[in-house]
There are 2 protein chains.
Amino acid sequence: MTPSKSTDRVGTTQTETGEHADTRERILDVALDLFSDQGYEKTSLREIAERLGFSKAAIYYHFASKEDLLLALHLRLHDYGREFLATTGEGLSSPQQWATLLDGFIEQMLRHRALFVLQERNRAALERLHDTRHEADHDDLENRLKLVLTDATFDVRDRVRIACALGAVIGGLLLSGDAFSAVPDAELGHLVRDVVHGILTPPAVS
Amino acid sequence: MTPSKSTDRVGTTQTETGEHADTRERILDVALDLFSDQGYEKTSLREIAERLGFSKAAIYYHFASKEDLLLALHLRLHDYGREFLATTGEGLSSPQQWATLLDGFIEQMLRHRALFVLQERNRAALERLHDTRHEADHDDLENRLKLVLTDATFDVRDRVRIACALGAVIGGLLLSGDAFSAVPDAELGHLVRDVVHGILTPPAVS
DNA sequence: GTCTATATAGGGATAGAC
DNA sequence: GTCTATCCCTATATAGAC
């Protein structure tokens, strides 16, 4: 209907060093910034357009709706997730398997921290998005996690450990805000990884 | 200006078993429910009133603004926090001290889970609240945490461990959603506590 | 203490010029 | 590809009756 490009090619891994990124990506970058800071609902399209130096209506040339902005950003993350989930095969039952998976997760989170902050601070809006555009139960990390956590055939101890391990990653890299901004990413990742492994490898003592 | 009661006595520990709670508390209970589920911004006063069986304007008799609803709920949590922070004295530097503090934190989180979910899912709105009504830098847990995490005189290892430990609690009790709803609170608390202690007590291996 | 009615503002979205 | 102007809707909040 609208001349807006279809959102299919959204989220494709682009240059990332947005030097002279096209307008579409610039809009997404600003949206990412504001959505993360103020929240999705509190951020108006006028505000986004203002920061880019043009008018609100211009955004509608690139995106069919405000929701599509959030969706595009979500898909960026989604692509990264799928990309690295593919490398980890199928096995995701034992805590040890989760430990190695979370290693990759830490890497991704350090690389795309802004996107993860967006996700963490806009869960309500993103859940609504999933209900509206139910993209055929995709196989993402969050889904696998829920499957494992609710699988009563596994030891509760292990399931709780996995949930805590993921929380530890989020706590160390996201919830801590900029407290560790002075710490190099590599070192921070290493420290968090140690914690995660400590949680997920049985400490021999009951 | 308005006949609304001043928000001073907000958050006082009430019966909690809201059997025949007064209207004010019933409003807050519904607001807590909807704010947690849909988010603060997406929830309208009309929606809250509807669920209570009366009109939107009635809410304004009890609260001066929508913001005041969020504030009142935040203060509920705040009171619980202060209550148990008082018992832990001043010492909050070593990971071991944080371990015992987080024990109490787990208790509180299990008891008032709904309030913690509200907080976790509405950080943006709550930060705005703190800016607007800056309640004289209060001494809450979040503040103490930030102080410790940014204190460069402490070992980075320990600081990261503390951040991860808090994250682990949140991951095990909050982010897991209802995955552990079948697990009794006491057991779940015990399991998470073990994880936290595992993180915060040096495992002897470097 | 709760109602109806209304004021006011701002948001998302569209039409059509350039 | 971006603009101005506008439509429509919903939201918070207020006024005043009951």
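Quick caveat, the model's predicted, so the values are computed rather than measured. Each chain gets a letter, A, B and so on, in the order its sequence line appears, and its residues count up from 1. All heavy atoms count here, side chains included; hydrogens, waters and symmetry mates do not.
Nucleotide dC3(C) holds its P atom 12 Å from the CD atom of E50(B), rounded to whole Å. Per the geometry, OH belonging to Y60(B) stands 17 Å off P belonging to dA7(C), to the nearest Å. Distance, Y61(B) OH to dA17(D) P: 18 Å, rounded to whole Å. A straight line from NZ of K56(B) to C1' of dA7(C) spans 11 Å, rounded to a whole angstrom. dT2(C) atom P lies 15 Å from atom CG of L45(B), rounded to whole Å. Following rounding to the nearest Å, R46(A) (CZ) and dC3(D) (C1') show an atom-to-atom distance of 16 Å. Whole-Å rounding puts the K66(A) NZ to dG12(C) P distance at 4 Å. Per the geometry, CZ belonging to F63(A) stands 19 Å off P belonging to dG11(C), to the nearest Å.
Candidate nucleotides dA13(C), dG1(C), dT4(D) were compared by shortest atom distance to the side chain of A57(A), and dT4(D) ranks first. When each of dA13(C), dA13(D), dG1(D) is scored by its nearest atom to the side-chain atoms of H62(A), the top-ranked nucleotide is dG1(D).
For G172(B) against C164(A), the heavy-atom pair with the smallest separation is CA-SG, 4.0 Å.
Residue T43(B) has no polar side-chain atom (N or O) positioned under 4.0 Å from OP1 or OP2 of dA11(D).
Ring centroids of F105(B) and F116(B) are separated by less than 6.0 Å, placing the two rings close together.
Sequence order on DNA chain C of the closest nucleotides to K42(A) and F54(B) puts F54(B) first from the 5' end.
Relative to the ring axis of Y40(A), K42(B) does not place its NZ or CZ within 45° and under 6.0 Å from the centre.
Contacts of S55(B) with the nucleic acid, taken as non-hydrogen atoms under 4.0 Å apart, include base atoms.
How far OG1 of T23(A) is from CG of L28(A): 11.0 Å, rounded to the nearest 0.5 Å.
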